[in-house]
Amino acid sequence: QVQLVESGGGLVQAGGSLRLSCTASGRYNMGWFRQAPGKEREFVVFISWSGRYTAYADSAKGRFTISRDNAKNTAYLQMNSLKPEDTAVYYCAARNSYYGAYNSERLYDYWGQGTQVTVSS
């Protein structure tokens with residue numbers, strides 16, 4: 001069975017940085033969603049299986065960078081200039097298909113366990 005294991009969350013001050021990692025049991029198109037308390041889960045970033053295409057939510061543009069190391073089947077989310085509104089549980093996700101909306105939660109096939117990111121004021 002496909003498994004996604006993610007890590008890298010934690011507590012950081014506003015303006016600080018965190019790096020999330022997500023390791024899959026295969027090579028997939030991957031991304032992160034996040035869910036803040038009382039909020040719906042929202043799309044954050046996407047990277048194709050080759051790493052050639054990436055997409056970012058408006059909230060992440062200019063601050064977050066997604067990359068991957070296919071030799072390790074691992075995607076990385078570098079988060080800089082973190083804001084309190086970035087506080088959420090971040091869920092790594094993977095999908096077999098490159099086609100379809102990259103920000104559509106229902107098109108992802110596998111999900112990580114989530115990692116908490118807390119940004120203090």
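Side chains included, hydrogens not; waters and symmetry mates left out as well; all remaining heavy atoms used.
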Check your understanding: Of the options Leu11, Asn80, Leu82, Thr115, which is the one that meets Leu18 in a side chain to side chain contact (heavy atoms under 4.5 Å, CB included)?
Key ->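 One option only clears the test, and that one is Leu82.
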
Point to revise | Separation between SG of Cys92 and CD of Gln113, rounded to the nearest 0.5 Å | key: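 Rounded to the nearest 0.5 Å, the SG-CD separation comes out at 8.5 Å.
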
Practice item. Quick one: pull up CZ in Phe33 and CD in Glu105 and give me the separation to the nearest 0.5 Å. Key: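 These two atoms lie 6.0 Å from each other.
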
Minimum heavy-atom distance between [X] and [Y], given as atom pair plus value:
X	Y	answer
Trp32	Glu6	NE1-OE1, 3.2 Å
Met30	Leu4	CE-CD2, 4.4 Å
Thr65	Tyr56	CA-OH, 3.4 Å
Gln78	Ser17	NE2-CB, 3.9 Å
Asn103	Phe43	CB-CG, 3.5 Å
Arg95	Tyr102	NH1-CA, 3.3 Å

Does a side-chain heavy-atom distance below 4.5 Å link [X] with [Y]?
X	Y	value
Ile66	Phe46	no
Ile47	Tyr53	no
Leu107	Tyr99	no
Ser59	Arg34	yes

Exercise for review: State whether a side-chain donor-acceptor pair under 3.5 Å links Asp69 with Thr74.
Suggested key: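 There is no such pair (donor and acceptor under 3.5 Å, judged by atom type) between the side chains of Asp69 and Thr74.
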
Review point. Side chains of Thr87 and Glu85: donor-acceptor distance under 3.5 Å anywhere?
Key: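 Glu85 and Thr87 do not have a side-chain donor-acceptor pair below 3.5 Å.
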
Practice item. Output yes when Asp58 and Lys61 qualify as a salt bridge under the 4.0 Å nitrogen-oxygen rule, no when they do not. Key: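 Yes, charged N to carboxylate O under 4.0 Å.
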
**Study point:** Ring-face cation contact, Tyr76 with Arg19, 6.0 Å cut, 45° max
**Key:**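 Here Arg19 passes the 6.0 Å and 45° test against Tyr76.
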
Review point. Is the Lys NZ or Arg CZ of Arg41 less than 6.0 Å from the centre of Tyr91's six-membered ring, within 45° of the axis?
Key: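 Yes, Arg41 sits over the ring of Tyr91.
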
Review point. Is it true that atom CD of Gln3 has more than 12 heavy atoms of other residues, nucleotides or ligands lying nearer than 6.0 Å?
Key: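 No, CD of Gln3 has 12 or fewer neighbouring heavy atoms, counting only those of other groups under 6.0 Å.
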
Exercise for review: Could you walk me through whether Cys22 and Arg68 pass the side chain to side chain contact (heavy atoms under 4.5 Å, CB included) test, one step at a time?
Suggested key: CA-CA 9 Å; Cys22 179; Arg68 67 188 302 155; over 6 Å; no

Kindly work out whether a path of hydrophobic side-chain contacts (I/L/V/M/F/W/Y, heavy atoms less than 4.5 Å apart) joins [X] to [Y].
X	Y	answer
Val89	Leu77	no
Val44	Met79	yes
Tyr110	Tyr108	no

**Study point:** Residues Asn96, Tyr28; criterion side chain to side chain contact (heavy atoms under 4.5 Å, CB included); working and verdict
**Key:** CA-CA 6 Å; Asn96 289 304; Tyr28 301 93; 3.1 Å; yes

Review point. Would you find a donor on one side and an acceptor on the other, under 3.5 Å apart, between the side chain of Asn70 and the backbone of Trp49?
Key: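 Looks like yes, one N/O pair under 3.5 Å.
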
